[in-house]
Every structure is written in structure tokens, then in C-alpha cells.
Amino acid sequence: MISVSKNLSDHLEDCFAGRIEISKSGNGQVAIRVPVDQWLDVAQTLRDDSRFAFSQLTDLCGVDYLGYGQSEWQTNDASNDGFSRAVEGLGPGRFDWSDRPESDDIEQRFSVVVHLISMTHNQRISMATFAADEGLPMVPSLIDIWNSVDWYEREAFDMFGIVFEGHPDLRRILTDYGFTGHPFRKDFPLIGNVTVRYDEEKGRVVYEPVEIEPRVLVPRVLREDSRYKADDIDKAADEAADSLAPAE
Amino acid sequence: MGEIRNYTMNFGPQHPAAHGVMRLVLELDGETIVRADPHIGLLHRGTEKLAESKPYNQSIGYMDRLDYVSMMCNEHAYVRAIEQLLGIEAPLRAQYIRTMFDEITRIGNHMLWIGSSGLDLGAMTIFIYAFREREMTMDMYEAVSGARMHANYYRPGGVYRDLPDSMPLYKESPWTKGKKLKYKNEWRQGTLLDFIEAFAEDFPSKVDEYETLLTDNRIWKQRTVGIGVVSPERALQLGFTGPMLRGSGVEWDLRKKQPYAMYHKMDFDIPVGVNGDCYDRYLVRIEEMRQSASIILQCVQWLRANPGHVMLKNFKVIPPTREEMKDDMEALIHHFKLFTEGYSVPKGEVYAAVEAPKGEFGCYLVSDGANKPFRVHLRAPGFVHLSAMNEMVKGHMLADVVAVMGTLDIVFGEVDR
């Protein structure tokens with residue numbers, strides 16, 4: 001399977017040289033990052049070109065990168081602060097995109113990720129793009145290329161507020177009738193904004209502001225784990241070997 | 001003469017044939033369906049968002065509650081995604097156990113499907129027959145995990161515990177006594193593996209019983225043959241997977257094409273349909289049950305011969321045993337860290353899929369290096385299948401909506417997430 005993926009990334013390089021970013025993870029999965037203005041173009045080629053033949057779209061989802069790489073609890077140095085820092089600190093959802101702490105390599109907030117499968121070549125690919133505008137993220141709809149994207153785009157619109165240009169029926173899908181906000185955005189509270197109950201006096205269902213306090217049970221922690229830095233280890237080993245080598 | 005307008009009707013949200021809570025707005029021309037608009041989300045619990053707020057292991061239980069009739073398959077996809085990011089692999093014995101329980105799950109799922117969609121179309125007996133055997137798959141779940149349905153059994157790096165050496169027995173009661181008690185306990189005298197083996201050996205004869213009830217049944221055929229026909233091209237376009245795709249004649253099964261766990265060692269066939277109608281999908285599922293029984297037997301054989309670990313010995317991810325904690329400080333520290341903070345997963349993203357009974361169940365995981373996932377997206381087969389509802393029922397009669405809904409094999413736990 002890995003050899004197939006190798007061919008795939010070669011073909012991608014041939015076909016889209018310079019237009020897309022190709023990356024490959026350790027388990028052989030190929031991922032490409034496409035600029036949003038090339039989104040439809042690349043998708044069409046991936047479906048129709050016989051080298052790719054991605055006949056089926058398995059999955060589409062939105063991702064909100066607000067707070068990516070942010071921890072709630074400093075772990076590099078010892079400190080005498082307690083757990084409350086994690087509860088009150090700068091966790092995801094407690095700051096705006098414009099106030100975000102410096103984060104590496106993420107320039108845009110909203111991303112759309114698509115997973116494709118080619119049954120002819122028995123391979124998968126994931127294709128991602130970033131929506132340009134954080135206030136009104138817009139991505140062209142893939143619905144004419146793969147019909148299965150219909151409800152996925154409605155879901156991403158409902159959950160993240162990503163607008164898919166050209167979708168014929170972009171309604172909310174999972175949330176309540178008359179719902180406001182986009183619940184999977186990182187700045188939408190986990191406990192929600194309103195609660196629903198049946199009011200006996202009024203004889204109908206009423207919506208009220210949510211009463212419970214949000215709680216953090218386990219703080220979000222980023223650990224620098226040396227086991228996953230194989231490159232660093234190799235580099236360090238090389239440097240050590242160089243320093244030991246006799247100077248010429 | 002007044003103007004003739006189409007009639008709009010609500011199907012659900014509380015309808016016994018809706019297989020959960022779904023509101024289906026049907027536009028009718030007489031009794032013919034012009035448009036069907038499913039309104040979903042009544043069971044939306046925000047599983048994906050909840051998973052973002054918890055350490056990785058605490059979300060395994062949520063996976064059971066997605067497709068709540070094929071619990072372990074959902075866990076399998078999630079656990080595999082974590083394993084791939086961590087770069088670990090479960091021991092061989094655990095892989096065999098997973099394979100076996102995935103197939104037990106498949107039988108359990110298809111049993112519920114055949115029972116309930118039979119019931120929807122007026123076949124009462126099949127429901128009672130199917131639930132008789134389904135109960136045994138639940139007993140297997142219970143014996144291995146302690147829970148009949150929401151097992152919470154798979155873990156990154158293996159499965160929670162090894163297969164038990166004994167099966168719980170029925171006790172005498174006013175309802176179960178004498179011959180009946182003896183019959184019910186007949187298979188339960190040995191280990192769990194003995195019970196599973198006895199079940200899997202006997203099961204094909206039970207499938208024969210179902211087939212005598214339905215396969216040549218005139219009413220069943222009238223309700224399913226030629227209903228909800230999907231061509232192979234459309235099936236691909238609409239994102240169909242699993243029996244829905246194979247019913248249309250596309251030979252595609254992740255267990256064969258992109259094998260995971262121990263499926264590459266298993267000998268089994270992939271049934272495909274010809275016409276792509278409800279009847280063909282029924283035949284595909286029936287044959288899948290027979291194949292599952294054969295896979296289970298192959299796993300039982302291997303598991304009997306090869307005792308061993310079912311969890312990795314990697315204290316960074318898998319907690320040490322109680323016993324080890326008693327006299328090892330390191331083990332105690334690892335245990336404490338794992339249960340207060342969890343493990344951090346290296347930065348990256350991964351998509352892992354399994355062939356769940358309903359189709360491809362996938363888990364897309366984004367990690368930023370924290371002890372909680374940054375984003376989890378669950379690709380549920382039922383969600384895509386239901387989105388094709390409009391196309392499948394258009395032009396059919398009102399009564400066929402029930403047949404199509406049955407053939408989609410939808411469960412709202414996974415559609416709404």
C-alpha cells in the first residue's frame with residue numbers, strides 16, 4: 001500500500017507541481033493542501049484523471065483552528081501555581097482569533113478537509129483547504145463533482161458556519177429549528193448558550209439562558225515527548241558523531 | 001374546478017418504522033412521492049465536540065453510543081486512529097479478539113436489521129427469531145466486557161482484558177427450570193470461546209430458518225424486489241459503502257481491500273448483488289452473516305491455540321496492572337499520570353476506517369500534541385445513506401418509504417452523532 005501511495009505522490013507532483021502542498025504521514029496516508037481558488041479545479045482533476053480516479057468522496061468536515069497548539073497548563077518548568085490556572089487560563093475558546101497567541105504554521109482559522117477514495121487504484125487521499133476570510137469563511141461547493149457531499153457541506157455549514165458557494169440547499173441540518181451560532185466553533189461553549197424546558201404556566205416549551213458553570217476536569221496539556229522526535233534524535237546523533245570525528 | 005396541489009405529510013418524528021427519531025417531510029402526488037426531505041438531528045449530542053474536551057481514552061465510551069447496535073466496530077475505528085498517531089500496534093491476540101468481536105457485532109447488527117425491517121414490512125415472526133440469536137451476541141459482549149451493549153472494551157494498544165474462562169449460567173427460576181434450564185445452559189458449560197464456537201457452528205442453520213421465512217416469501221418479495229434501485233454509478237456518486245454499495249454490484253469491502261486487524265489471515269467471501277434493489281441488499285446481508293460465522297470460527301481456533309497478552313506493555317499509554325503498582329514506584333507514577341492527565345498524542349492528523357456492519361465507519365483525528373484530541377470527525381455510513389433517501393424514494397408509493405428506510409439500515413445514534 002505504501003508503494004501505491006508513493007506513485008500517487010509522484011503523480012500529484014507531475015500534475016499539480018507548485019499549485020498544491022503534498023505531505024505524507026508515517027502510515028502512508030497522502031494529504032494535500034489546496035489553495036481555495038484551485039479547490040474545484042484540483043477536485044475535478046482528481047476525479048477524472050485516470051491516474052487518480054478518485055470516484056468516491058467518503059467524508060468532508062470542517063476544522064476550526066482557533067487555539068491550535070495552545071495548552072492550559074505550562075508543563076516545561078516547575079511552578080507553584082495550581083490547577084485553577086487550567087480552569088481560568090487561556091484555553092481554546094477563551095480568546096478571539098485576533099487575540100490568539102502566536103501559533104505555528106496556521107494562518108487561517110477555518111479549514112475544510114475532504115477524504116477521497118479511489119476504487120480503481122485502491123488508495124485514499126485527504127485534501128484540505130483554508131477559507132480566506134475568518135468572518136465569513138467561504139469555500140466553493142463540491143456538489144457537482146461528488147453528489148455525496150450534499151449533507152456533509154450542510155453539516156459543516158451548520159457546525160462551523162462555513163459557506164459553500166454553489167450549494168443548492170445550504171440549510172442547517174443537525175441543530176434545532178431557529179438555532180443561532182455554530183456549535184463546533186472553538187469559541188462556542190461546550191455547555192451551550194440556552195436550555196430548553198417545558199413551562200407549565202405558559203403551556204409551551206421555553207428557551208432560557210444556560211445556568212450551569214463550565215468546568216474543566218482535566219486541563220489540556222501539551223507534552224514535549226522525545227520519543228516522537230525521531231528526526232531530532234537522528235540529528236543529535238549525527239552531530240555527536242561529527243564532533244567525535246577527527247578533524248581533517 | 002379548484003386547483004390541484006401536492007399534499008405534504010409528516011412521517012415521524014415519532015414513527016415506529018423511522019428506526020429512531022427522524023422527521024421525514026414527504027410531498028405526495030396522490031400516493032406517489034414527489035420529494036422526501038429528512039429532518040435529522042433530533043438525537044444530536046455533539047459527540048465530536050465532547051471528545052475535544054476529554055482525554056483520549058474517556059471518549060471510547062461515546063463511540064459505543066454512536067451506532068448503538070454495532071458498538072465495538074465504532075470503537076475499533078476510533079482506537080485505530082489513535083494507535084496510528086501514536087505509532088503503536090496491538091498484540092496479535094488482541095487483534096484476533098477484535099476481529100472476532102467485529103464479526104460478532106456484524107451478526108448482532110444484521111440480526112436487528114433483519115428483525116426490525118421485517119417487522120416494518122409485516123413479517124412478524126422473523127423479528128422474534130432474530131432476537132433469539134441476537135441475545136446470544138449480547139451475552140458474549142457481557143461476558144467479555146461486563147456490559148450487554150455499550151462495551152467500552154477496545155483500548156489503544158489492545159483490548160481491556162482477556163477472554164473469560166467461564167460463561168455465566170442461567171439460574172433456576174419459575175420461568176426457566178427443568179428441561180428449559182438445561183437447554184439454555186447447554187452451551188455455557190465451558191469458556192467464552194466454547195460458547196462462541198457452539199454459537200457460530202449452529203448459526204448457519206439459524207440463517208437457513210430466516211431464509212425459509214423470507215427469501216421465497218411472496219409478500220416479502222413484492223415489498224422489496226425492484227424497490228429503491230440504485231445503479232453502481234449512482235451508488236459511488238452518492239457515497240454508498242458496505243452492503244448498500246455491494247447490493248448494487250460493486251465489489252468493495254475494506255476487510256478485503258484495505259485489511260486491518262487480522263482480516264488478511266481470514267478466509268471469507270464478499271457477496272455482491274446484481275439489481276441494486278432492496279431484495280438484493282437483503283440477500284447480501286444474509287450471506288454476510290454466514291461469512292461472519294465462518295470468520296468467528298477461524299478466530300476461535302487461533303485464540304484457543306495461542307494464549308498471550310492482550311495489551312501492550314507500554315506504560316506511557318497503557319496503565320500498569322494493580323499488582324505492578326503495589327511494588328513499583330514507576331508503575332504508580334505512570335498510573336497516576338495516565339488517570340489524571342492521560343497520554344499526549346504526537347502532532348498530526350489521521351483517517352482510520354473500518355468496515356462496520358452498515359458501511360465504512362471512519363474516524364478523522366487531528367492532534368496538536370495535547371492530551372485531548374483537537375478535532376474528531378466521525379464518518380458515519382448511515383449519514384451518507386440517509387442523504388440519498390430523496391433519490392431512492394422518488395416516484396415510489398408511500399408504503400415503499402418504509403421498505404427503503406429499512407434497507408438503508410440507519411441508526412440515529414450515528415446519523416446525528
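So you know, we letter chains A, B, ... as the sequences are listed, proteins then strands, and number each from 1.
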For B:L338 against B:K316, the heavy-atom pair lying closest together: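 The answer is CD2-O, 3.6 Å.
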Which atoms form the tightest heavy-atom contact between A:P183 and B:K49, and what is the distance?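 Answer, listing the atom of A:P183 first, then B:K49: O-NZ, 2.9 Å.
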Quick one: does [X]'s side chain have a donor or acceptor within less than 3.5 Å of a partner on [Y]'s backbone?
X: A:R33; Y: A:A31; value: no
X: B:D368; Y: A:Y68; value: no
X: A:T129; Y: A:V34; value: yes
X: B:E83; Y: B:G157; value: yes

Under a 4.5 Å heavy-atom cut-off, does chain B meet the side chain of [X], its backbone, both or neither?
X: A:T58; result: both
X: A:R47; result: side chain
X: A:V113; result: side chain
X: A:Y152; result: both

For the residue pair A:F160 and A:F110, does the interplanar ring angle fall in the parallel (under 30°), tilted (30 to 60°) or perpendicular (over 60°) class?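 Judged by the thresholds at 30° and 60°, the geometry between A:F160 and A:F110 is perpendicular.
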So which part of [X] gets closer than 4.5 Å to some heavy atom of chain A, the side chain, the backbone, both or neither?
X: B:L386; answer: both
X: B:L254; answer: side chain
X: B:A388; answer: neither
X: B:Y343; answer: neither
X: B:R45; answer: neither
X: B:E360; answer: side chain
X: B:P38; answer: both
X: B:P373; answer: backbone

Highest number of heavy-atom pairs under 4.5 Å with chain A: which of [options]?
options: B:E391, B:E233, B:R234; result: B:R234
options: B:R23, B:Q58, B:K54; result: B:R23
options: B:G41, B:S387, B:G239; result: B:S387

Can you tell if the side chain of B:R35 reaches within under 4.5 Å of the side chain of B:N390, non-hydrogen atoms only?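 The answer is yes; the side chains approach within 4.5 Å.
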Take a 6.0 Å sphere around CD of A:Q44 and say whether it holds more than 12 heavy atoms from other residues, nucleotides or ligands.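 Enclosed.
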Quick check, are the ring centers of A:F164 and A:F157 under 6.0 angstrom apart?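 No, they do not, as the ring centres are separated by 6.0 Å or more.
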Taking the six-membered ring for Trp, are the ring centroids of A:F130 and A:Y65 within less than 6.0 Å of each other?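 Between A:Y65 and A:F130, which both carry aromatic rings, the centre distance is below 6.0 Å.
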Selection from A:D176, A:D158, A:I117 maximising heavy-atom pairs under 4.5 Å formed with chain B: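 Most pairs with chain B among the choices: A:I117.
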Looking at A:L190, A:D150, A:L57, which has the largest count of heavy-atom pairs under 4.5 Å with chain B?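 Going by pairs under 4.5 Å, I would pick A:L190.
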